[in-house]
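Reminder, nothing fancy here: chain letters follow the sequence lines and each chain counts from 1.
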Amino acid sequence: MDKSYSPGDIESRIYAAWEAAGWFAPAGDGTPYCIVIPPPNVTGTLHMGHAFQHTLMDVLTRVHRMDGDRTLWQPGTDHAGIATQMVVERQLAAEGKKRHDLGREQFVERVWAWKEESGGTISRQMRRLGNSVDWSRDRFTMDEGLSDAVREVFVRLHDEGLIYRGKRLVNWDPVLHTALSDLEVLAEPEAGSLWHLRYPLADGSGYMIVATTRPETMLGDVAVAVNPEDERYRHLVGQQVRLPLTGRLIPIIADDYCDPAFGSGCVKITPAHDFNDYEIGKRHALPLINIFTADATLNEEVPAAYRGLDRFEARKRVVADFEAAGLLEKVVPHTLHVPRGDRSGAVLEPWLTDQWYVRIAPLAEPAIAAVEDGRIRFVPDNWSKTYFQWMRNIQDWCISRQLWWGHRIPAWYDEAGNIFVARSEAEAQAAATKQHGKPIALRQDEDVLDTWFSSALWPFSTLGWPQQTNELARFYPTSVLVTGFDIIFFWVARMIMLGLKFQGEVPFREVYITGLIRDEHGNKMSKSKGNIIDPLDLIDGIELEALVAKRTTGLMQPQMKNAIEKATRKQFPQGIPAFGTDAMRFTFAALATMGRDIRFDLGRVEGYRNFCNKLWNAARYVLMNTEEHAADLASGPCEYSVADRWIRGRLGAAVTSVRTHLAGYRFDLAAQALYEFVWYEFCDWYLELSKPVLQGAETDSAARRGTRRTLLEVLEGTLRLLHPLMPFITEEIWQKVGPLAGRKGTTIMLQAYPTAAEFARDATAERDIAALQAVVLGIRQIRGELDVPHSRATPVYVRTDRPGDVEALAALAATIRKLANVESIEIVRSEADLPPCAIAISAGRTVLAPFDRLIDDVSAELARLEKRKAKTGQERDKCAAKLANANFVANAPESVVTQERDRIAEFERQLEQLGEQMRRLAAVAATATER
RNA sequence: GGGCGCAUAGCUCAGCGGUAGAGCACUGCAUUGACAUUGCAGGGGUCCCAAGUUCGAUCCUUGGUGCGCCCACCA
């Protein structure tokens, strides 16, 4: 093995071998375990959030695979209707073309070509991330099979009356020329105005004053509404006003919707361009006057002077004309929520169109029940509240989009406008023929379905439905869904609804909701903020100039360029070093705390890269000490030392901890347990403890064999325990260590995940090693606090009250001497006859080292003891205060009181010892001064 | 308007009804044998504020302050 860990050399080679061997496919006949991937946009690239979620899914997948489950991680990508179409339209725009120049067929071909061209990016990225998905089952939402599923669901829902076509107000994007669902609307507060307009009463007796944020829509007004209880206007209800600029007469009506306290208390009613007004219009049987074209310019319904104007231009003109006519009462500043499309950013227009809807209430009800009764569990649980809140107020889902890229709606029309919903044109034609008595020309609906319609079927469409496949029977319901809270409504809820509807079963049993990955300041990562980190740049590293270029090219707002460049240069003056996949994955796991967003900290990645290096070098040490003894290890008598038995048991404890935490989705705690075991127990203690055994000339061969075997077996078990988090480095090391440890098999990824039973704990060994550690730590403390180099050897005396210590320390004396560079170690009953010493006190044990062998000046030790004494005194006082409280002694549990009594006794003992020691040292110091 | 979350060391975060923790950063010491991507030792906290419950509150309850997110039709 190389002296230094360099991830780049090993990662791609290893992944290729795994993939070629077909090890990612489900195998065996264990319990099925399945995760479906949240399908990323096929033409996109994976960002940090994907890398994070994929890491967690891969960890779960690998653990279950190693545990013998028949494990499937189902991969795939999404066609991402609007997003993808926009990208291709932008490409066309660069060539000076529009999609209509190509026509539908050619345009769609062009999108497919783009999909083929860029579609490999994601799978390449996933391979670099080590994601063990079954590539043989890779699916795309517009694959033939998945499209069959879409049509099947559409037809069946339509047959049941759960899909219908209707003309009503939708959120219209006048830039993209498509309808959007409610979820795709972002309503941000923006500064605007509230215009107070005078509408003259028809009888000329005065004005009504209406307040509006959208004066241009007055051209489509059909009424003025007031609250029926409003004394100011009650007498006017039933009368008419003459609508300025148009001259139309419109009625004054009464409706509870009006809030007398807001504005003037009078509301202009424009049913064709406002959702509230639409409802009021329905209640009062008012006409709808649509004044906008698809571009949101004014149409022929308005007076000639305004036709063809853009809505914002029209606003200025209308306001100016009101002012000119003396009908503008006042204008007050007003912040309002402006609805914008989540893709285009355009201000949306409520617009009257024919669209397809899913009648959602009948589907929502069982989906709510499934979470209520625990068939689906959200982790962390509080996300179920978010789910319920939305599901209980859910609105019908507008599923048609006026786009070209997507699943075309399986509905056909005849000349008369009759609709035939069918799985294919042939089926539609058959129905039409039957109805008309002869074949007839049909025209398919031009619209496509909302991307999320096909995503909603993902857990069963990817498994082969509507075919009744073995995979469907085996893996549905899937085990867990891992995703972000931002798509609970878009995706999770809809999968639950349609899964229950079409499979009669929930689509997954648990939903693990991850936090959002943010930058180090807590900001969302986004291209426009210029704070994106590409996961591959963490793995491979990137030069500063390349990083700056990456962040500043193709910006939507080029004016941000300088600020982004400056911030990037400041944050990464050296660019980003190559940390490797394993370090990045371990970081994600370690940061995956429950229910909390994650500020991504490069320092953590560096720390875990160091951890990889630590593991690498520990393995080198183990191999250096075992490889050439391979034959000898397999046979021959073997004797296990206290340390050998201790470290096996400690690994067992780590196994229990890791398994527990993973079962509860506490990846952070699992990572922490692994880190601590590997670094602090295996490396810091056990490897050091093994050195005297392996390097000492006097050790017998059975003891050497025991330690060598323990080194191998514990390292091998540790590698297996780590593998799901750090697949590459563990595989690389295991290739050498596995066989030496007596393991059969050619890859770590199919080895059994460790169990606690393999590594039994040993209470005696733990007690004895604790004694050893106390002594070694005491000596280190003395040296450390007195700034004495380790190289300065000293005799050591130990006084102990702890049962078993005397025997344990005697047995381990040689080891302690080596570890702590101690000349001799002697157990004493009292300090009285010892030379003046520096001391370290821990519970029940005192470690003493003659100070004249360590330092020249007693005052350093005196100062040190003074500090210790002050600290211990504080603790003692806290304890004493507690025990002085009669209520505490009377009410606290017996064990707590006893514990406090023991503690104070210990503190008193230590204080006394410290005092005694200080007196002795003071005497020595005095003598020294005299001389 | 409704709902959810967060506040602990300089930074990023765990944690817990009884002794406050980690990583990074910081200080001192250490240089031939697994590893300087290292080892050893150390400094550093009003656990946001207030009241309540309790023998005891960083933890539980209530209120407040600050920050963040989601949902919602006040023109």
Problem set entry | Aromatic ring proximity, centroids under 6.0 angstrom, A:F489 and A:Y387 | no

Exercise. Between A:L591 and A:L183, which has a closest nucleotide on RNA chain B that is more 5'?
Worked result: A:L591

Exercise. Looking at residues at least two apart in the chain, or sitting in another chain, which of them share a ring-ring contact (aromatic ring centres under 6.0 Å, His included) with A:Y199?
Worked result: none

For this session: Just call it for A:C612: base, sugar-phosphate, or nothing, with non-hydrogen atoms closer than 4.0 Å on any strand.
Result: nothing

Exercise. Mind checking the C1' distance from B:C73 to B:G2? Whole angstroms is fine.
Worked result: 14 Å

Exercise. What residue pairs, at least two apart or across chains, pass side-chain hydrogen bond (donor to acceptor under 3.5 Å, both in side chains) with a residue in residues 261-275 of chain A?
Worked result: A:T217-A:K268, A:D221-A:K268, A:D221-A:T270, A:K268-A:T270, A:H273-A:N290

Problem set entry | Interface limits on RNA chain B, where chain A has a heavy atom under 4.0 Å of a nucleotide atom | B:G2 to B:A75

For this session: Please report the closest heavy-atom contact between A:R198 and A:F322, naming both atoms and the distance.
Result: O-CE2, 3.7 Å

For this session: Tell me, please, which residues at least two apart from A:R596 pass salt bridge (Lys or Arg N to Asp or Glu O under 4.0 Å).
Result: none

For this session: Under 4.0 Å between any heavy atoms, over every strand shown, what does A:R666 touch: base, sugar-phosphate, or nothing? Just pick one.
Result: sugar-phosphate

Exercise. How would you label the contact of A:C258 with the nucleic acid (heavy atoms, under 4.0 Å): base, sugar-phosphate, or nothing?
Worked result: base

Exercise. Base, sugar-phosphate, or nothing: which does A:Y680 touch, judged by heavy atoms less than 4.0 Å apart?
Worked result: sugar-phosphate

Exercise. Mind checking the P distance from B:C48 to B:G43? Whole angstroms is fine.
Worked result: 23 Å

Exercise. What is the nucleic acid contact for A:Q389, judged by heavy atoms within less than 4.0 Å: base, sugar-phosphate only, or nothing?
Worked result: base

Exercise. How is A:D259 classified with respect to the nucleic acid when contacts are heavy atoms under 4.0 Å: base, sugar-phosphate, or nothing?
Worked result: base

Problem set entry | Ring-face cation of A:K691 near A:Y621 (centre distance under 6.0 Å, axis angle within 45°) | yes

Exercise. Using atom C1' of each nucleotide, how far apart are B:C47 and B:C69 to the nearest Å?
Worked result: 24 Å

Exercise. A:E676 near the nucleic acid: base, sugar-phosphate alone, or nothing, with a heavy-atom cut-off under 4.0 Å?
Worked result: nothing

Exercise. Contact class for A:L669 vs. all strands (heavy atom < 4.0 Å): base, sugar-phosphate, or nothing?
Worked result: sugar-phosphate

Problem set entry | Pair A:F485 and A:W383, ring centroids less than 6.0 Å apart | yes

For this session: May I ask you to say what A:F611 touches in the nucleic acid, namely base, sugar-phosphate or nothing, with a heavy-atom cut-off under 4.0 Å?
Result: nothing

Exercise. Would a line drawn from the ring center of A:F600 to the ring center of A:F588 be shorter than 6.0 Å?
Worked result: yes

Exercise. How far, in whole Å, is B:A20 from B:C13 if one measures between their C1' atoms?
Worked result: 14 Å

Problem set entry | Side-chain donor or acceptor of A:D519 paired with backbone N/O of A:G522 under 3.5 Å | yes

Exercise. Pairing of RNA chain B as dot-bracket, 5' to 3': ( ) intra-strand, [ ] crossing, | other strand, . unpaired, with Watson-Crick or G-U pairs under 3.5 Å?
Worked result: (((((((..((((....[..)))).(((((.......))))).....(((((..]....))))))))))))....

Exercise. Hey, does A:D684 reach any base, or is it just sugar-phosphate, or nothing, if we go heavy atoms under 4.0 Å?
Worked result: sugar-phosphate

Problem set entry | P spacing across the pair B:U58 / B:G1, given as an integer number of angstrom | 33 Å

Exercise. Under 4.0 angstrom, heavy atoms only, what part of the nucleic acid is A:K268 near: base, sugar-phosphate, or nothing?
Worked result: nothing

Problem set entry | For A:E627, all residues meeting salt bridge (Lys or Arg N to Asp or Glu O under 4.0 Å), sequence neighbours excluded | none

For this session: Looking at every strand, decide which applies to A:R868 at a 4.0 Å heavy-atom threshold: base, sugar-phosphate, or nothing.
Result: sugar-phosphate

Seminar exercise, completed: Contacts of A:D274 and A:D182 projected onto RNA chain B by closest heavy atom; the upstream (5') one is A:D182

Exercise. Quantified in whole Å, what is the C1' atom distance between nucleotide B:U19 and nucleotide B:C6?
Worked result: 27 Å

For this session: Pick base, sugar-phosphate or nothing for A:F275, based on heavy-atom distances below 4.0 Å to the nucleic acid.
Result: nothing

For this session: Would you classify A:L777 as touching base, sugar-phosphate or nothing, given that sugar-phosphate means primed atoms plus P, OP1 and OP2, and contacts are heavy atoms under 4.0 Å?
Result: sugar-phosphate

